[in-house]
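Following: one structure in structure tokens, then a few remarks.
By convention in this document, chain letters (A, B, ...) are assigned in the order of the sequence lines, proteins followed by strands, and residues within each chain are numbered from 1.
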Amino acid sequence: MNDVYEPAEIESRWYSRWEAAGVFRPEYRPDGDPFCVVIPPPNVTGSLHMGHALNHAIHDVIARRRRMQGWSVLWLPGSDHAGIATQNVVEKSLAEKGLNRFDLGREAFIDQVWEWKDVYGWRITQQIRRMGNSCDWTRERFTLDEGLSRAVVEVFVRLYADGLIYRGERIINWCPRCETALAEIEVEYRDTGGELVQILYPFTDGGGGMTVTTTRAETMLGDTGVAVHPGDSRYREMVGRTIRLPLMGRSIPVVADPGVDPEFGTGAVKVTPAHDPLDFEISERQSLEKLLVLDDKGVVTRAGGPFSGMDRFEAREAVIDALDKEGLLVGREPYRHSVGLCYRCETVVEPLLSTQWFVRVDELARPAIGAVREGDNRFIPAHWEKSYFHWMENLRDWCISRQIWWGHRIPAWYCSSDHVTVARTAPEACGTCGAGELRQDPDVLDTWFSSALWPFSTLGWPDETEDLARFYPNDVLITGFDIIYFWVARMLKMGLRFLEDVPFKETVIHGLVRDSAGHKMSKSLGNTIDPLEVADRYGADPLRLALIQAANPGQDVPLDMEWVEGTRRFGNKLWNAVRYTLRHVPGGSVPSHGGYPAHPGPVDRWVLAGLGEMADRFDRFCDEYRFSDAYGLLYNFAWAEVFDWYLEMSKTALVGPEEAETTRQTLGVVVRDLLKFFHPAIPFLTEELWSHLVGDGLLAGSDWPEVPVYDPAPEMEDLKALVSGVRQFRAAQGLSHRRTLPLGVTGGPPRWVAKMVEEMVGVEISALTEAPGDGHIHLPTGRWEGYLPVRGLVDLEAERQRLDRSIARLETQVSRSSQKLSNRNFTERAPAAVVEKEREKLAEASGRLSSLRSRREAL
RNA sequence: GGGCCCUUAGCUCAGAGGGAGAGCGCUUCCUUGACACGGAAGAGGUCAGUGGUUCAAUUCCACUAGGGCCCA
């Protein structure tokens with residue numbers, strides 16, 4: 001073995017072997033209980049970022065551990081066609097050649113997108129492999145593949161038949177750049193600087209007018225009324241009068257409607273029914289005309305009179321100027337307000353009236369709320385349930401049609417009379433009038449419509465496949481909080497509707513990867529880190545461990561290259577611990593499972609007991625998805641206990657013949673079990689080390705450790721204290737460790753203890769029957785007390801300082817304890833055990849204190 | 001405006017009603033046969049503030065200040 005750990009070399013070696021051995025397929029353990037998790041499908045033309053690396057690392061830790069625990073594990077991979085996002089990417093590349101999608105036509109354009117999909121989709125799967133993720137690639141799916149498309153059509157047809165999908169004219173959010181409708185949730189609101197303008201709307205009969213307020217002046221072109229609150233006394237006489245709409249000259253009525261907020265602006269609002277949801281509602285109640293004044297590109301329509309043909313923002317200025325010229329501009333002031341942006345391209349979204357397809361969500365949401373309330377699905381951390389409920393109880397219908405080409409075509413056909421026929425396959429004739437010559441709806445479905453079916457469509461639904469029976473519901477879903485509403489909520493709705501069970505029993509929410517200063521990683525901040533670059537530079541394993549060590553549920557994960565270097569150094573440490581082990585334990589001689597010593601010596605018993613205790617806690621943490629805590633614990637145990645203490649002590653034990661054999665055995669199984677526990681987080685390195693140490697089969701396919709219970713040898717803590725005592729003394733005195741010190745020890749330490757201490761800290765021990773007189777430094781350590789002769793060794797001043805520090809520490813401890821114990825409220829009201837413990841503490845501390853004081857005097 | 005979360009060592013974060021912890025960073029010493037990508041020793045905290053509950057609060061409760069996120 002190389003004497004340093006080189007991640008790149010190791011990491012190229014194992015993935016294909018795992019795949020070839022079929023370890024990642026559930027069939028690898030056909031008799032195990034099924035365990036299933038589906039990947040949140042990445043966008044097919046995107047590239048993997050650190051958020052994916054984190055999400056996948058968590059998946060992999062879960063999947064690999066469950067697999068080793070004997071479950072029949074399916075981690076199902078795949079990708080999402082990501083309608084608008086993908087179409088945008090491909091359109092952008094066309095634009096570079098001076099083309100747009102209409103130049104190509106629908107068919108050719110879609111062919112083009114498929115070509116992209118093949119290139120980038122392949123790249124993503126390669127990246128997921130590079131990071132070591134144990135997906136079952138034989139079951140890889142894509143949201144637009146044949147089977148999933150069938151599931152989409154099936155769901156659409158059934159929901160339509162049940163009246164839960166309908167087509168209607170509503171105010172929707174329109175992106176003038178993507179030229180498509182968006183769902184409410186796809187609009188991101190951002191505070192933006194704008195202008196609040198006040199316009200005077202004169203009455204048709206002369207005699208004054210009313211002042212209205214708006215941030216979107218151009219929409220006045222489409223005004224068909226002015227509204228006030230019915231209870232607003234200021235305007236009571238004006239209701240029923242008529243306004244002459246400035247610039248357009250139309251007569252529009254003043255109406256009273258309870259939807260108006262009398263506190264906002266002047267209390268009188270212009271009503272633009274075709275471009276504002278609230279105004280739309282008012283117009284429905286008041287029977288006002290709905291006039292579209294902006295087209296699909298955000299350009300003023302012919303209905304906008306003199307302003308037609310202008311872009312909406314250009315028109316805004318032009319309208320304000322024109323009003324000013326006519327003396328109707330009452331005021332304009334800077335105004336910050338929240339503006340809706342397209343979540344795909346950040347273009348300002350335009351609310352406008354349009355005929356679209358919608359999902360009626362109330363009936364779907366009810367069981368999805370119930371399932372979480374009943375605990376059939378559990379959010380981890382639980383507080384996300386509150387947000388989930390709040391969200392689900394305030395849903396508006398979901399606009400699912402998109403005016404793009406890349407996606408699942410809506411399975412609806414129209415005859416020449418515009419009757420709608422919804423069907424699984426193209427119908428011969430109109431379901432209403434029997435006419436032939438039907439044309440299919442040109443629109444496609446929201447990407448999230450197919451994502452909502454992912455937990456069961458990927459398993460073969462609507463067919464009743466074996467996988468579906470075995471792996472639905474999935475066991476757990478792991479995702480970031482940013483897509484709880486986009487994705488998790490909708491999967492719960494659809495799963496409950498079509499499979500009558502939750503799609504997954506637990507929803508684990510992880511945080512965002514941030515930089516070391518706590519900033520969100522974003523392209524605009526320029527602080528993104530490419531996981532593949534990190535993997536090439538430091539290794540995939542070190543990156544994974546750095547992520548996992550910070551990945552507790554719900555918590556953001558700060559990442560810095562320094563920390564990845566830290567985990568790489570840990571890898572080197574582990575590497576060398578195995579090299580050390582292999583000096584004493586022949587390669588291939590460690591059994592792949594079990595093999596714990598039956599009668600270990602005290603040091604071996606101590607490390608085995610520690611291993612067992614660590615394993616229990618580790619497993620508990622993992623079961624609660626607290627991987628940061630689990631791997632923090634393991635990391636610390638491995639380094640601080642095993643490497644720093646046990647390996648050092650084994651060096652002594654392995655020399656003596658009588659204990660060498662159990663120590664060899666213990667060393668082998670302890671290090672082997674560390675490899676097993678670490679494997680889910682750092683699969684490549686541990687697999688490589690396993691091949692040297694165990695060499696029997698693959699670690700990835702091995703069994704999870706079951707550490708027997710051992711009693712820890714009680715002497716160990718005192719032994720460690722004695723060793724530390726000597727080390728502290730040496731450090732304080734600046735004594736070279738080469739110089740062997742004579743150490744007197746009372747209490748009759750067993751020979752193995754004496755030998756261990758001698759080897760570890762370079763002393764020569766002589767047994768003392770009682771404490772020696774003056775002229776010695778005392779190392780108080782419990783059952784054995786150490787005494788070092790002062791003469792010739794000691795800088796007395798340094799030793800006095802050391803003692804003074806210890807004395808001061810003990811003094812505060814003693815005074816605090818005795819104060820507590822002299823308080824009758826404490827002794828009478830606190831539990832007896834607590835009081836007793838306090839008494840013991842006091843006794844022990846004052847004993848040590850007086851001993852230290854006398855030593856101090858003696859100096 | 002409504003809701004959720006956070007504030008503990010220089011940094012990133014654990015923690016628990018009764019003795020303040022880890023990793024990194026920092027200081028000093030050490031190339032001893034696994035590892036200098038290492039070892040040993042050490043410095044560093046009024047646990048955001050105020051009030052309350054309690055024999056006991058950093059931990060529970062209320063309020064205040066500061067920060068973050070979601071929804072409208």
What do the steps show when you test Tyr388(A) against Thr507(A) for side-chain hydrogen bond (donor to acceptor under 3.5 Å, both in side chains), and what is the final call?
CA-CA 12 Å; Tyr388(A) 171 81; Thr507(A) 305; over 6 Å; no

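Pairing for A40(B) is with U28(B), a Watson-Crick or G-U wobble pair whose two hydrogen-bonding atom distances lie under 3.5 Å. In this structure, C60(B) and G52(B) make a Watson-Crick or G-U wobble pair, each of the two defining distances being under 3.5 angstrom. Across all strands shown, C69(B) forms a Watson-Crick or G-U wobble pair, both distances under 3.5 Å, with G3(B). Taking a pair to require two hydrogen-bonding distances under 3.5 Å in either a Watson-Crick or a G-U wobble arrangement, A22(B) pairs with U12(B).
The pair Lys837(A)-Glu840(A) fails the salt-bridge criterion, with no side-chain N (NZ, NE, NH1 or NH2) lying under 4.0 Å from an Asp/Glu carboxylate O. Using a cutoff of 4.0 Å between basic side-chain nitrogens and carboxylate oxygens, Glu758(A) and Lys755(A) are not scored as salt-bridged.
As rounded to the nearest Å, C5(B) and G10(B) have C1' atoms that lie 25 Å from one another. Taking the P atom of each, U59(B) and U8(B) are spaced 13 Å apart, rounded to whole Å. Comparing A9(B) with G15(B), their P atoms sit 15 Å apart, to the nearest whole Å. As rounded to the nearest Å, A41(B) and U53(B) have C1' atoms that lie 44 Å from one another. For the P atoms, the distance linking C6(B) with C60(B) amounts to 10 Å, nearest Å. Going from the P atom of A72(B) to that of C11(B) covers 36 Å, rounded to whole Å. Taking atom C1' on both A40(B) and A57(B), the two are 38 Å apart, rounded to the nearest angstrom. With both ends at atom C1', the span from A43(B) to C55(B) equals 36 Å, rounded to whole Å.
In this structure, the OH atom of Tyr343(A) is 18 Å from the C1' atom of C70(B), given to the nearest Å. Protein atom CZ of Arg190(A) is 11 Å distant from nucleotide atom P of C70(B), rounded to whole Å. For Asp556(A) and U7(B), the CG to C1' distance is 15 Å, given to the nearest whole Å. Regarding His383(A), its NE2 atom lies at a distance of 14 Å from the P atom of C70(B), rounded to whole Å. One atom, CD of Gln549(A), and another, C1' of U12(B), lie 12 Å apart when rounded to the nearest Å. Atom CZ of Phe379(A) and atom P of G3(B) are 20 Å apart (whole Å). Rounded to whole Å, the distance from NE2 on His337(A) to C1' on A72(B) is 16 Å. Across the protein-nucleic acid pair, Arg824(A) atom CZ and U54(B) atom C1' stand 19 Å apart, rounded to whole Å.
Applying the side-chain contact (heavy atoms from CB on, under 4.5 Å) criterion to Ala540(A), with sequence neighbours excluded, gives Glu11(A), Arg130(A), Met131(A), Ala535(A), Phe684(A).
Side-chain polar atoms of Asn576(A) and Arg579(A) form a donor-acceptor pair below 3.5 angstrom.
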Just the table, please: protein N/O against nucleotides 39-47 of chain B N/O, every pair under 3.5 Å.
| from | atom 1 | to | atom 2 | distance (Å) |
| --- | --- | --- | --- | --- |
| G39(B) | OP1 | Lys573(A) | NZ | 3.2 |
| G39(B) | OP1 | Trp639(A) | NE1 | 2.4 |
| G39(B) | OP1 | Asp644(A) | OD1 | 3.4 |

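Considering only the side chain of Tyr189(A), A72(B) comes nearest among G18(B), A72(B), C37(B). Listed nucleotides: G68(B), C4(B), C24(B). Nearest to the side chain of Arg569(A): C24(B). Each of C71(B), C55(B), U12(B) was ranked by its minimum atom distance to the side chain of Ala830(A); first place goes to C55(B). Nearest to the side-chain atoms of Asn576(A) among the listed nucleotides G23(B), U12(B), C35(B) stands C35(B). When each of C24(B), G19(B), C71(B) is scored by its nearest atom to the side-chain atoms of Lys820(A), the top-ranked nucleotide is G19(B). For Arg396(A), the listed nucleotide lying nearest its side chain is A72(B); candidates were C71(B), A34(B), A72(B). Comparing C37(B), A34(B), G68(B) by their nearest atom to the side chain of Arg568(A) picks out C37(B). Comparing G23(B), C4(B), C55(B) by their closest approach to the side chain of Pro831(A) singles out C55(B).
The ring of Phe570(A) has its center no closer than 6.0 angstrom to the ring center of Tyr631(A).
Counting any heavy atom pair closer than 4.0 Å across all strands shown, Leu647(A) reaches a base atom. Residue contacts shown for Glu648(A) include a base, since a base heavy atom lies under 4.0 Å away.
Checking the phosphate oxygens (OP1, OP2) of A20(B), a side-chain nitrogen or oxygen of Arg816(A) falls inside 4.0 Å. Contact annotation: Lys651(A) side-chain N/O to A34(B) OP1/OP2 distance is under 4.0 Å. For Arg829(A), a side-chain nitrogen or oxygen approaches OP1 or OP2 of C55(B) to under 4.0 Å.
Of the listed residues (Phe677(A), Phe627(A), Phe637(A)), just one forms a ring-ring contact (aromatic ring centres under 6.0 Å, His included) with Phe618(A), and that residue is Phe677(A).
The 5' end of RNA chain B is approached more closely, in terms of each residue's nearest nucleotide, by Val4(A) than by the other of Val4(A) and Ser338(A). Looking at which nucleotide of RNA chain B each of Arg626(A) and Trp563(A) is closest to, the 5′-most match is held by Trp563(A).
Cation-pi geometry between Arg727(A) and Trp645(A) is met: the NZ or CZ atom falls under 6.0 Å from the ring centre, inside 45° of the normal. The cationic group of Lys573(A) does not satisfy the cation-pi geometry with Tyr635(A), failing either the under 6.0 Å distance to the six-membered ring centre or the 45° limit from the ring axis.
Residue Leu719(A) holds its CG atom at 7.5 Å from CE of Met760(A), rounded to the nearest 0.5 Å.
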